[in-house]
Amino acid sequence: MLLTSDIGNTNITLGLFDNEAFVEEFRLASDKDLSQEEYEVLLKTLFKDFKINGCIISSVVEELNKKFTNAIKNVFGIEPVFLSNKINTGVKIKTDFPDEVGADRIANAVGAYVLYQKPTIVIDFGTATSFDIINQNGEFIGGVIAPGINLQMKTLNKFTSKLPRTDVAISTKAIGGNTTDAILSGVIRGTACMIDGLVEQCEKELGSKAILVATGGYSGLIANYLKRPFDYINPTLTLEGLRHLYNLNVVGELQEITH
């Protein structure tokens with residue numbers, strides 16, 4: 001089985017594939033204070049019933065790269081593929097500075113390239129809310145990065161003296177009659193308005209309509225407030241992109257789905 005590992009700023013998302021079939025997903029906190037040995041214990045516990053014979057890792061947390069890679073080696077006895085723009089991505093990265101592109105964004109771009117028509121805008125709801133954009137020629141040309149929903153909530157609480165810590169929830173009204181509802185409107189509805197506006201501007205620059213694909217934990221919530229709905233909500237897009245990248249670099253094959 002193939003283990004795909006996406007190390008983000010908040011969570012480590014682990015996806016297990018049996019050939020093309022998605023088997024299961026696990027999440028760990030991206031805890032920089034955990035030792036390599038503690039990560040090894042977690043991996044042994046989670047995957048005690050599975051035979052892992054391949055692994056690919058994407059990471060945006062430098063402090064975890066070495067210890068997590070070594071934990072994979074020690075627990076499963078395999079050398080993981082580590083995602084960067086230096087490996088064969090199968091997609092042309094046409095940004096100004098390819099070295100700056102996060103590994104998760106490369107995985108999203110590859111997943112979009114393989115699974116959907118072009119052009120495609122992937123909107124990923126993580127610690128940041130990011131747009132990853134594939135043009136009509138199948139090239140990753142860049143995107144948008146904005147504060148994520150939880151980050152906005154935490155920032156309002158941390159950098160003000162009176163605004164409370166608010167949990168993410170449904171925003172029932174645009175005009176909040178109390179502080180909590182006002183915050184929810186600003187963050188939840190505000191994020192939806194940002195997406196609607198930026199999609200329109202990005203499509204203008206692309207010169208055509210794009211397929212809108214959402215991934216990440218809050219995609220279903222935000223979908224309720226959009227003027228234009230997502231064409232697809234794919235919670236496992238990043239992990240599927242990693243699977244295709246593993247096949248490309250180990251098996252030597254990246255097969256695009258035809259539409």
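This structure is a prediction, so every number in the text was calculated from the model and none was measured.
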Let me see the working for Asp6 and Thr238 under side chain to side chain donor-acceptor pair (under 3.5 Å), right down to the final yes or no.
CA-CA 8 Å; Asp6 178 34; Thr238 310; 4.6 Å; no
Path from Tyr225 to Tyr232 over hydrophobic side-chain contacts below 4.5 Å
no
Residues, nucleotides or ligands: over 12 heavy atoms within 6.0 Å of Lys67 NZ
yes
For Thr215, run the side-chain contact (heavy atoms from CB on, under 4.5 Å) check against Asp124, Ile233, Thr236, Ile123 and tell me which one passes.
Asp124
Shortest non-hydrogen pair, Ile133 vs Cys202, comes out as CD1-SG, 3.7 Å
Find the distance between OG1 (Thr172) and CZ (Arg189) and round it off to the nearest 0.5 Å.
7.0 Å
same_hphob_cluster(Val101, Val91) at 4.5 Å side-chain heavy-atom cutoff
yes
Between NZ on residue Lys227 and SG on residue Cys193, distance to nearest 0.5 Å:
7.0 Å
Minimum-distance pair of heavy atoms, taken over all atoms of Leu83 and Ala103
CD2-O, 3.2 Å
State, yes or no, whether a side-chain contact exists between Phe68 and Val61 at a heavy-atom distance under 4.5 Å.
no
Asn234 and Tyr116: side-chain donor and acceptor closer than 3.5 Å?
yes
Report the residue from Leu14, Asn11, Thr13 that forms a side-chain contact (heavy atoms from CB on, under 4.5 Å) with Leu28.
Leu14
Thr120 and Ala112: which non-hydrogen atoms are nearest, and at how many Å?
CG2-CB, 3.9 Å
With a 3.5 Å distance limit and no angle check, can you tell me whether Thr160 reaches the backbone of Leu156 through a side-chain donor-acceptor pair?
yes
So if you build clusters from Ile, Leu, Val, Met, Phe, Trp, Tyr with side-chain heavy-atom gaps below 4.5 Å, do Ile52 and Val250 land together?
no
Distance-only donor-acceptor pairs under 3.5 Å for side chains of residues 142-154, two or more places apart:
residue	atom	partner	partner atom	Å
Asn150	ND2	Tyr218	OH	2.9
Gln152	NE2	Pro147	O	3.3
Gln152	NE2	Thr191	OG1	3.3

Could you report the tightest heavy-atom contact between Ala71 and Leu43, atom names first, then the distance?
CB-CD1, 4.0 Å
Can you tell me how far the CG atom of Leu242 sits from the CZ atom of Phe17, to the nearest 0.5 Å?
8.0 Å
Could you check if a side-chain atom of Ile134 sits within less than 4.5 angstrom of a side-chain atom of Pro119, using non-hydrogen atoms only?
no
Taking side chain as C-beta onward, heavy atoms only, is Thr129 less than 4.5 Å from Met194?
yes
Side-chain donor or acceptor of Ser219 paired with backbone N/O of Gly216 under 3.5 Å:
yes
If you draw the axis of the six-membered ring of Tyr113, does the NZ or CZ of Lys118 fall within 45° of it and under 6.0 Å from the ring centre?
yes
Sequence neighbours left out, what pairs pass ring-ring contact (aromatic ring centres under 6.0 Å, His included) with at least one residue falling in residues 124-153?
none
Can you check whether Leu245's main-chain N or O pairs, donor with acceptor, with Asn249's side chain at less than 3.5 Å?
yes
Roughly how far apart are Ile93 CD1 and Glu100 CD, rounded to 0.5 Å?
12.0 Å
Enter the distance from Lys162:NZ to Asn157:CG here, rounded to the nearest 0.5 Å.
14.5 Å
With rounding to the nearest 0.5 angstrom, report the OG1 to NZ distance, Thr89 to Lys92.
11.0 Å
Other residues, nucleotides, ligands: >12 heavy atoms within 6.0 Å of Gln36 CD
yes
I'd like to know whether Asn85 forms a side-chain contact (heavy atoms from CB on, under 4.5 Å) with Asp99, so could you lay out the CA-CA distance, the side-chain angles of the two residues, the decisive distance to 0.1 Å, and finally the verdict.
CA-CA 7 Å; Asn85 68 320; Asp99 287 341; 3.0 Å; yes
Identify the heavy atoms of Asn65 and Ser59 that sit nearest to each other, and give their distance.
OD1-OG, 2.5 Å
Mind checking whether Leu16 and Leu239 sit in one hydrophobic cluster, side chains of I, L, V, M, F, W, Y counted as touching below 4.5 Å?
no
Do the side-chain N and O atoms of Gln201 and Glu205 include a donor-acceptor pair separated by under 3.5 angstrom?
no
Are Arg228 and Val199 side-chain neighbours, meaning at least one heavy-atom pair lies under 4.5 Å?
yes
State plainly whether one hydrophobic cluster holds both Ile222 and Ile170, where clusters connect Ile, Leu, Val, Met, Phe, Trp and Tyr through side-chain heavy atoms under 4.5 angstrom apart.
yes
Without swapping roles, check the side chain of Asp31 against the backbone of Asp33 for a donor-acceptor pair under 3.5 Å.
yes
Minimum side-chain heavy-atom gap Leu3-Ile57 below 4.5 Å:
no
Close side-chain approach of Cys55 and Phe76, heavy atoms under 4.5 Å
no
Apply side-chain contact (heavy atoms from CB on, under 4.5 Å) to Leu237 and Val122, showing your working.
CA-CA 9 Å; Leu237 178 66; Val122 177; 3.5 Å; yes
Looking only at side chains, do Thr127 and Thr10 share a donor and an acceptor under 3.5 Å apart?
yes
Asn178 atom CG, neighbour heavy-atom count above 12 within 6.0 Å
yes
Okay, side chain of Asp196, backbone of Leu226: is any donor-acceptor separation there less than 3.5 Å?
no
Is there side-chain contact between Ile211 and Ile121, with at least one heavy-atom pair below 4.5 Å?
no
Ignoring hydrogens, what is the shortest heavy-atom contact between Gly8 and Val60? Give both atom names and the distance.
CA-CG2, 3.8 Å
Do Leu42 and Glu38 come close enough that some side-chain heavy atom pair is under 4.5 Å?
no
